[in-house]
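I have placed the structure first, in the form of structure tokens, so that the comments after it can refer back to it.
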Amino acid sequence: MKISFTGKQYISLASVVFMLLVWKILSLHFKSDFVLPSPEKTLITTLSLFLDGNFLKTVGTTISRGLAGFIISGMLGIGTGILTGINPYVNAFLRPILVTIRSTPVVSIILLALIWLHPGAVPVFIGMLTMFPFICTNVSDGIRSIDNELVVMADFYRVSRKRIVRELYIPAIMPFIVSGASSAMGIGWRAIIIGEVLSQPRYGIGTMMQNAQTFLNADAVIAWTIIAVLISYLFEKTIRWAESKFITWRA
Amino acid sequence: MKISFTGKQYISLASVVFMLLVWKILSLHFKSDFVLPSPEKTLITTLSLFLDGNFLKTVGTTISRGLAGFIISGMLGIGTGILTGINPYVNAFLRPILVTIRSTPVVSIILLALIWLHPGAVPVFIGMLTMFPFICTNVSDGIRSIDNELVVMADFYRVSRKRIVRELYIPAIMPFIVSGASSAMGIGWRAIIIGEVLSQPRYGIGTMMQNAQTFLNADAVIAWTIIAVLISYLFEKTIRWAESKFITWRA
Amino acid sequence: KRSATETGSSKYILATLKGPSAMGMIKMIDSLNNDTGHSVEVKILSEPLQVRKMMLDGSADFAILPTTMAAIMYNKGLKYKLIGVPVWGTLYMVGNNSAINRWEDLKGKRIFVMARGMTPDVMFRYLLTKNGLNPDKDVDLDYSFPTHIDLANAVAAGQAPLAIISEPLASLVMKKNKDIRRIFDLEEEWGKFEDIAVAETAFLGKESVIQKDRETVKRIVSAYALSTEWVNKHPDSAAALIVKYGILPDAEVASRAIPGSHLRFVNAYDAKKEVEDYLYVFYNLNPDITGGKMPDENFIYR
Amino acid sequence: MEGLIMSLEIKALYKNFDKISLFSDFNISFQEGTITCILGPSGCGKTTLLNIMGGIIKPDSGQLSGFNEKSISYIFQDPRLLPWKTVEENIEFVLKRDIPAEQRHKVTGQLIRLMELEDFAGYYPSRLSGGMRQRVSIARAFAYPSDVILMDEPLKGLDIKLKLNLVRVFSRMWQADKRTVIFVTHDVDEALLLGSDVIVLSRPPAKILLNRQIDLPFENRSPDSGSLKEMKDSLIDALGN
Amino acid sequence: MEGLIMSLEIKALYKNFDKISLFSDFNISFQEGTITCILGPSGCGKTTLLNIMGGIIKPDSGQLSGFNEKSISYIFQDPRLLPWKTVEENIEFVLKRDIPAEQRHKVTGQLIRLMELEDFAGYYPSRLSGGMRQRVSIARAFAYPSDVILMDEPLKGLDIKLKLNLVRVFSRMWQADKRTVIFVTHDVDEALLLGSDVIVLSRPPAKILLNRQIDLPFENRSPDSGSLKEMKDSLIDALGN
Ligand SMILES: Nc1ncnc2c1ncn2[C@@H]1O[C@H](COP(=O)(O)OP(=O)(O)OP(=O)(O)O)[C@@H](O)[C@H]1O
Ligand SMILES: Nc1ncnc2c1ncn2[C@@H]1O[C@H](COP(=O)(O)OP(=O)(O)OP(=O)(O)O)[C@@H](O)[C@H]1O
Ligand SMILES: [Mg+2]
Ligand SMILES: [Mg+2]
């Protein structure tokens, strides 16, 4: 790996340093390892997590849960989003369902989810409930913002419905899809982890966090948080990179 | 109030009926009032909540928390979103912070929040942590999708920065703002309620839900969920109505 | 993962909580673990919610829950009966204030209690009243930290100088923060007025199982009772096992928490009065805590 | 001429936008296999008329006959290119998928050459000049197999050489298949060079101010001499009102 | 003329896009207070040149002198109207806020009348015809107080009467303040009617193929007779290459 920094990367680095600084100041203020352990100590804990035998398994399981939730929500969300965007009747039908899914707190359905599903699947389910409405809303709002003249043109030339969706709608709403996907993934990790905290599957960052918390190991809680944030950051980067690959046509 | 239905409203109604039906079928399947009480029973419980002396106070407090969180996140989010959208350096600085805020699970910071804040303010804080990154991401993605030719035009004519933001950026990203606001509010209610579950302020839907859950009153849990969904739906409607008022200029 | 009765498989499932109940059971857990031929499998869960889930879908044949919650489950019609009471009071008032020795000293103090209206709150208010203090006037009860973990963290961090927390968190906190000491053992204080012990935790059995297979119940009860005895007698060996099964992070805390947890397995019909009196206190103050009514006598297995 | 069947016909057309009455009992007909040029003041409703003929805008009332059965190409007033498709892909976009790929490719390639865009086949619209975009839009309409072509100021933004070239190419193409063409323009010369019929519309509500036929073969047309000069003057005169 | 200070000048301009070299050691200068018309094949770099003069595109290298100090209006090749502003608001958008509101209103109103858009002052762009949008764009450029006006095919899409009207209006306006105008067009007649200088550019890399001055007063110009006819022919000839 070649390491070379651009100006923007220096700034991102500065941003991380800034956060560490705020953290340090806060930890000095609280003077307690239980409220907010110092960054140094936590970073050591974080590094020591990497050495843990189950580390890869734990992180891998959470990531695969996240991906599963994301892919399912993505496919469902883009599909229904396009439908709701194109057809006002589908919209009228789906919107109440979306609002319901979106605003139902996890506490209300956790018991159902626990009973229905395998503990490992609960976080995926919770993740989906969080991500799906997002992607769907973003896509359908995207569709509504498409330049109508292009649609008229394509309809006029009798381009098939399927091709209009694939070659007009999808590229046009790419920015909305990306924005939705990036937001959804961001908050999705959180939902997945909360799901793990509640369902306690064998492996999972949430499970580890919950354990650390019951044992009052605040540093480990934060260390796992850092790992979760890193994962989230990596995926954000990947999505943005994919966006730049997709959207080469901007001037 | 004049009641008359349009075709679309009938469909929305059908959608609600559909959800009730699914619920009924599920409740027949589980045959247990603790897992999933029947819709009839729950609706009666819901109605009985209205009669509770503290009902208005509970709901009112949660709504005002939601509004507070939403307004603060909205102002912060639109402001920083515009900055990150316009300036790639601000973007490089803020993005790591946003990703961190967005993917930090509530469990990791709840203690800090509890120490810092009044129990009634904790849900607002949690709500903000959820809503702010959304609105910000949506706004900044919106900015990046603005027709660059219009910006060039406005810059060319030396229109002041302030007016460009107000008269070009803001209207152009209205669909993104609305989409972001609607998603944010949707998930915001959930976050507020989770915040209430975790911080147990004296009044609040989340507090009531948590109590109901500890005492195994599944019907009350769901009744409060329905109220939360209704509130969310009302706000969604309001946002969409505001959108149609703002965006009169579409052909 | 259906229960033994339904699948016909040979193993019964026992759902226990990561806490004193599992600590008392640790010897039994260990021997079950070392000998695969046994007919019982213990699942150690971290949240009462997860135990409730296993009771609701019937996958738990035996279960541990706080007694109040067990009463709720029973009153709501779940077919589980109280077999025994394995834990007798784990609540303590802890703090870093060495000037407090008597209840009167609490006057005007701010005391952190975890959740308004829940068991520890009700119990503490009851004791305050019994000791001549008005919970709403003479002391300042603070509910800023609504879960036991949040509160324990706050105590360890010195953010809650006086608080009501339970074992084994109390020991854990004292290990992490040397300034913190026990001030009152609520079980002891309770006994001064009620002349009974705090029947805090319930060991439950599924009706269909315990009626059909009394033999197994007897075996499990005696194993649990023996295990508890052994734990009390050999806190250091027990502590090692407690750490081994991930119930507590270190042996020192575990061995300190064992005496503090009042572990003692009593058959339910021997503890009938204690259970009823205990529940009645809560029922009186907030009927919701016991599920709206007092459980009838069928609650107790004999 | 009167005796021929007028296969494209609009009768008793009414169309209002808000307060403006664009068409009020408007009648017009087009002979199949001719090129009709429509001129008229900006904002008089020419684009709206084409949109009505193309089925894009619904009239308030009126009968359209002959349009339904036809397949139609349309050069819109603005190019309407898909920003995420290259020149080549934009043209190919309107071709049915049942045409084999190489056939599609051939058609597209020919039109790109005709429009002098060989070097830009792989360009996205954002990197084209205004006139180039217009040419892609023309190529797209020509690529689409159709009985009728609607053209809304197709030659605007092109330099004079390209324009004359395209007029030549177009008249050759038209002579080969005699499609029905309806052609809106502001350029009187263009109308005189290409039209079989030239129609001048009035300000709203639209009336036909002038309807002239030109029988000269394309090769012999020169707008600034002979009979066309006279026609040009009367067209400009009609437009001046 | 040679002795005058050429205050707007571009020297040794280089500009490439990908493989295309648009300008390579290109030099051009504009006399202040004149109207320079630029003609050239579609895609030869006219818009790019205006954008470079306006500071919108950075050249790869080259010296621009005189542009910085000037305030400039620009009629872009496409109207670039804000969709959420009415005709009136779009024009008013470019006016500085330190001009009092009623003054702004007056200026806007005048231009709207000039463009014959009185009935459409409150319309959003999506409800205007193509030519109307173009007129709003012209009005906006005229409303903005400037020393230099860049115009990229400003009169395209307008009917002949409007066009002639605007040419008249414009020449009157220009005579009053003698602003420097740089005017890109494909219409040779327009160039002859308005230009003080007419320049023809070649295909890329751009060369100046022809540079002619016209000294006739506007009133006496008629592109199809006298000395202008000869000039028109040579322009068309140059453009034909
Ligand atoms: N952003 C860009 N990226 C790549 N190439 C570009 C870009 N902008 C313009 N070009 C190329 O530069 C050339 C000149 O474009 P320009 O718009 O200046 O032409 P023009 O003379 O104004 O043509 P027209 O008369 O058709 O408007 C064209 O070949 C075009 O493809
Ligand atoms: N969607 C609409 N809503 C309201 N008015 C409209 C709409 N579309 C067009 N109009 C009005 O209809 C009239 C005719 O528009 P149209 O585009 O047909 O004109 P045109 O003859 O093509 O003009 P141009 O030569 O400028 O392109 C204009 O006054 C325009 O404002
Ligand atoms: Mg038009
Ligand atoms: Mg150009």
Side-chain angles (χ1 to χ4, degrees), chain A residues 7-9 11-12 14-16 19 30 34-36 88-89 92-97 99-100 102-108 111-112 115 130 133-134 137-138 141 144-145 148 175-176 178-179 182-183 186-187 189-190 193-194 197 206 209-210 213 218 221-222 225 228-229 231-233 236 251, chain B residues 7-9 11-12 14-16 19 34-36 88-89 92-97 99-100 102-108 111-112 115 130 133-134 137-138 141 144-145 148 175-176 178-179 182-183 186-187 189-190 193-194 197 206 209-210 213 218 221-222 224-225 228-229 231-233 236 251:
Chain A
K8 272 191 228 163
Q9 283 168 323
I11 292 181
S12 292
S15 162
V16 173
M19 286 191 281
F30 282 112
F34 306 102
V35 180
L36 195 65
Y89 294 103
F93 189 80
L94 281 180
R95 199 151 291 270
I97 299 181
V99 171
T100 307
R102 204 168 58 183
S103 42
T104 300
V106 175
V107 276
S108 319
L111 194 63
L112 256 191
I115 287 177
T130 307
F134 259 112
T137 310
N138 255 43
D141 282 323
R144 294 193 304 140
S145 79
N148 190 43
F176 281 85
V178 168
S179 174
S182 135
S183 287
I187 203 130
W189 289 117
R190 190 150 126 183
I193 289 173
I194 291 173
V197 166
M209 257 182 181
Q210 169 77 357
Q213 200 165 37
V221 173
I222 299 188
T225 307
V229 169
I231 294 174
S232 178
Y233 191 70
E236 163 87 10
Chain B
K8 273 192 228 162
Q9 283 168 322
I11 292 181
S12 293
S15 160
V16 173
M19 286 191 281
F34 314 111
V35 179
L36 194 65
Y89 294 104
F93 189 80
L94 280 181
R95 198 152 290 273
I97 299 181
V99 171
T100 308
R102 206 168 54 181
S103 43
T104 301
V106 174
V107 278
S108 319
L111 188 68
L112 261 188
I115 289 178
T130 306
F134 257 110
T137 309
N138 255 43
D141 282 323
R144 295 193 305 141
S145 79
N148 189 44
F176 282 84
V178 169
S179 174
S182 135
S183 287
I187 202 128
W189 288 117
R190 189 149 125 183
I193 289 174
I194 291 173
V197 167
M209 258 182 182
Q210 170 74 2
Q213 195 169 43
V221 173
I222 300 189
W224 281 111
T225 307
V229 169
I231 294 174
S232 178
Y233 191 70
E236 163 85 10

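Note on naming: letters A, B, ... go to the chains in the order of the sequence lines (proteins, then strands), and numbering restarts at 1 for each one.
- How far OG of A/Ser12 is from OH of B/Tyr89: 11.5 Å, rounded to the nearest 0.5 Å.
- With sequence neighbours excluded, the residues that form a salt bridge (Lys or Arg N to Asp or Glu O under 4.0 Å) with B/Arg102 are A/Glu236.
- Among B/Gly206, B/Ala218, B/Ser183, the residue making the largest number of heavy-atom pairs under 4.5 Å with chain A is B/Ser183.
- Contact check for B/Met209 versus A/Ser108: side-chain heavy atoms found under the 4.5 Å cut-off.
- Only the side chain of B/Ile115 comes within contact range of chain A, with at least one heavy atom under 4.5 Å from a heavy atom of that chain.
- Among the candidates B/Thr100, B/Thr137, B/Val16, the residue making the largest number of heavy-atom pairs closer than 4.5 Å to chain A is B/Thr100.
- Residues satisfying the ring pair (Phe, Tyr, Trp, His ring centres under 6.0 Å) test with B/Phe93, not counting sequence neighbours, are A/Phe18.
- Between chain B and the options A/Thr225, A/Val221, A/Val197, A/Leu94, heavy-atom pairs under 4.5 Å are most frequent for A/Thr225.
- For B/Arg190 and B/Thr130, the side-chain atoms include no donor-acceptor pair closer than 3.5 Å.
- Nearest heavy-atom pair across A/Gly186 and A/Ser232 is CA-OG, 4.1 Å.
- For B/Pro88, the parts lying under 4.5 angstrom from a heavy atom of chain A are both the backbone and the side chain.
- Only the side chain of A/Ile193 comes within contact range of chain B, with heavy atoms under 4.5 Å apart.
- Highest contact tally toward chain B, considering only A/Ile231, A/Ile194, A/Val107, is held by A/Val107 [criterion: heavy-atom pairs under 4.5 Å].
- For the set A/Pro133, A/Ala14, A/Ser103, A/Ala228, the count of heavy-atom pairs under 4.5 angstrom toward chain B peaks at A/Ser103.
- Only the side chain of A/Leu36 comes within contact range of chain B, with heavy atoms under 4.5 Å apart.
- Distance CH2/B/Trp189 to OG1/A/Thr104: 14.0 Å, rounded to 0.5 Å.
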